[in-house]
Amino acid sequence: MTSPLQQKIRITGPSVVTANRTSDGVVIWRTGSKGWSTDLTEAAVVRTAEAARELLAEASNDDLGAIGPYIAPVEIKDDGKVMPGNLRERIRVKGITIELPLPA
Amino acid sequence: MYAYDELDRTLLHERVSEFRDQVKRRLSGELTEDEFKMLRLQNGVYLQLHAYMFRVAIPYGTLSSQQLRALAKVARRYDRGYGHFTTRQNIQYNWIKLSELPDALADLAEVGIHAMQTSGNNTRNVTSDQWAGVAPGEVDDPRIWSELLRQYTTLHPEFSFLPRKFKIAITASAHDRAAIKIHDIGLRLHKNEAGELGFEVLVGGGLGRTPFIAKTIKQFVHRRDILSYVEAIMRVYNQYGRRDNIYKARIKILVHELGIDKFAGEVEEEWRHIRDSALAVEDAAIDEIRARFTYPTYEKQPHMPDELKQAAHDPLFERWRRNSVFTHKVQGYSIVTISLKPVGAPPGDATADQMDVLADIAERYSFGEIRVGHEQNLALPHVAKRDLPALWKALDRIGLATPNVNLVSDIIACPGLDYCALANARSIPIAQELTRRFANHDTADLIGRLHINISGCINACGHHHVGHIGILGVEKNGEEFYQITIGGRADEQAEMGTLIGPAVPYAEVADVVEDIVEAYLALRDSGEELFVDTVKRLGVEPFRERVYATR
Amino acid sequence: MPLVKGGHIANDIFFHVADGAELPDDGAVLVSAARFLESSETLLRREGKIGVIWPNNRGLDDLVPHLDRLALVALVFPSFRDGRAYTQARLLRERHGFVGELRATGQVLRDQFVFMLRAGFDAFDVRKQSDAEAFGEAARRYSVFYQPTGDGHLSALHRRNESHASESAKP
């Protein structure tokens, strides 16, 4: 596995580091205080490749707490609200786009 | 039904306890994710977008009512109250917690169900014809041989770290319902000129990024030699399969790069050494396995009971019967396919409540046995014809009597971007929209047999290459686009579909499919000519002209 | 890296001689395949046991003629995901009758012990101390095996047949 420190990182806009929680797989984001949150609005937002690389490297040290951390794009709304930056991330935030099967 | 004996039970409990220990070590930090990943994959645990996904094997697609209830219980207790039946006779749960997985496995082990090797680079669940043992004209019950291979491949000390995953499917019918030509090894039971039972062995089939139809490597392998021959194939693959590039690691690439004759030569040379080893399958061993399968005691039943004559006056019942009821090898009985494709619902999903009621229904009408097929539907294999009207009503009450089996809305679809970490585009909403477009059963009947297969990425879990109409999700500049192929098929005449035109955006997929179907209705030479035959006769061009003329 | 041999943590009597380094006058040595093939006559004339590290991407043809004079063959798992050495181990034991020490080296972890034992390995360069200490427990985890291999365990199929035969032999 290539260490995050060796990966070439390019970002096209504001980004966050996200992963899944080891014990239950829940979607989490890296916060600015070296922790994880299940709330995207608490995520640390980075704007340069260098900052993204650092955040990812720091998050990747927590092999016990999180699986597969990666950099994901976000969109910052005019009111400063952080929103997921693509369809995949929207689905990870909001859940599946279909209704779950209803009990018979 | 195969009933586990003490040895099967012991091994399964040993496996559950091993996995419990592995999970414990992961959660305590003793195992890194890199180390644990392979271990969880060997037991069917993936990480998807929202949570862990847990894939449970239903070997050769056979379930007892008791087992189906256990699957329902896992859905209710550890997941969100439903499960998803896949194209390889597995069921998947989408929201499982790693910390609870060992308990779920222990619950399943109580009824002889496991998740061993439902993912990872090892031999996967051995699949077979969902009509095995009841289809007219079979040379033998392929499940006996599937079980032999299930045991042989389970925790194999030499082949648990192959270059890539390895899938085996077995059929014993002239009409292939197990899609053996798109498997790493496909086995067709048949008899040689001397009347001896054995196998035609095919190798190197598969879909994904580089699709290949399997080639026959040996026309006849005697049943006694089947394990040694399979071991020879796997040993050649384990040594020479590519490990430098994950996309070139399947056996199909090795077969393609060496050529089937050279590959066959390597296998033959290896086989020579092991043919007369402890792998030789004595008939007594097969009898032992066969004896652990229970078969119903069928009653003498009329071909056309009064209940059926009376029910024939109900057009709704008749529509369902014509669509979902198939010929059984025993007079007075039928095989009933249960569509898991209701209009507007995700293909292949069933709720825990549906599973529980279906388990009861199977006990009442099908000797407590349920089957799972690669089309993501279920089947009841032993229904007395006189019970068909009552069965239909019972199924209808739980929303499982949609009369669309083999029709345009009987869609195969992978979970797609709604669930899957690999997907580029969504599959389920496309399927749902198509079922709404073709919700009219009269129209669907008029169109006739037509399989639509949808995959959300090139890995092809939705078997798009072999759909009569295949739909493949791709990503273009952050948007979902779909490539559409026509003319594929997965049966004994297996073929890859041909691209009909440029990819279209999400919102246009259903329109394009409707136009393809319109074109077919205009181009077919009679109401009898199936979609796939019209494409075969005319090629893709007339379809392309009609569908893309205005786009 | 602890060595497990005969089921227990043991001292490694083999001195690993790097390519190009000078051979000690006596004692057991472990050399690479390249060095062994280059100077097999010299090596085999020497006092002391010889072991060879055989890579997992090389056929066994060049090794087989020397097997009866080798005390140790070390097979390599460059990654725990790479299973080629399982095949090599079975071939060495079951086809070529190698009776010396068969050692698993590289990424050798607890969860592979059972597979390795079944394939014919009897010595293990274990990566983690905790895994080496757990060897006995891991090796005893399974009592039922579905496949016949050269490790002596009967497969489930054969056990069923035997119990069947003994039952029908009862008066």
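Just so it is clear, the structure is predicted and the values come from calculations on it, not from any experiment. Chain letters run A, B, ... following the sequence lines, proteins first, then strands; residues in each count from 1.
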ask   = Under a 4.5 Å heavy-atom cut-off, does chain C meet the side chain of B:Gln22, its backbone, both or neither?
value = side chain
request  = Identify the two heavy atoms, one from C:Ala156 and one from B:Leu7, that lie closest to each other, and give their separation to 0.1 Å.
outcome  = O-CD1, 3.8 Å
remark   = When the 4.5 angstrom heavy-atom criterion is applied to B:Ser17 and chain C, the contacting part is both
message = Please report the interatomic distance CD(B:Gln151) to CZ(C:Phe145), rounded to the nearest 0.5 Å.
response = 14.5 Å
B:Asn238, part contacting chain C, at a heavy-atom distance under 4.5 Å = both
Nearest heavy atoms of C:Val144 and B:Leu11, plus distance in Å = O-CD1, 3.3 Å
key: Region of B:Thr154 in contact with chain C, defined by heavy-atom distances below 4.5 Å   = both
ask   = Would you say C:Leu157 and B:Tyr152 make side-chain contact, with heavy atoms under 4.5 Å?
value = no
ask   = What part of B:Asp287 gets closer than 4.5 Å to chain C, counting heavy atoms only: side chain, backbone, both or neither?
value = neither
task = Please state whether the side chain, the backbone, both or neither of B:Leu39 comes within less than 4.5 Å of a heavy atom of chain C.
result = side chain
ask   = Considering all heavy atoms of both residues, which atom of B:Ala278 and which atom of C:His158 are nearest to each other, and what is their separation?
value = O-CE1, 3.1 Å
ask   = Which members of residues 26-34 of chain C, sorted by number, sit under 4.5 angstrom from chain B on a heavy-atom basis?
value = none
inquiry  = For a 4.5 angstrom cut-off between non-hydrogen side-chain atoms, does C:Val114 reach B:Leu155?
reply    = no
key: Residue B:Glu158 versus chain C: region with a heavy atom under 4.5 Å   = both
note = So, the part of B:Phe159 with a heavy atom under 4.5 Å from chain C: the answer is side chain
task = Heavy atoms only: give me the nearest C:Asn161-B:Glu288 pair and the separation to one decimal.
result = OD1-OE1, 4.4 Å
note = d(B:Glu231 CD, C:Thr149 OG1) to nearest 0.5 Å is 9.5 Å
key: Residues in residues 79-97 of chain C near chain B [non-hydrogen atoms, under 4.5 Å]   = C:Phe80, C:Arg81, C:Asp82, C:Gly83, C:Arg84, C:Tyr86, C:Thr87, C:Arg90, C:Leu91, C:Arg95
task = Please check if the distance between the ring centroids of C:Phe115 and B:Phe161 is under 6.0 Å.
result = yes
request  = Examine whether an atom of B:Glu35 lies under 4.5 Å from a heavy atom of chain C, and if so say whether it belongs to the side chain, the backbone or both; otherwise answer neither.
outcome  = both
ask   = Under a 4.5 Å heavy-atom cut-off, does chain C meet the side chain of B:Arg25, its backbone, both or neither?
value = side chain
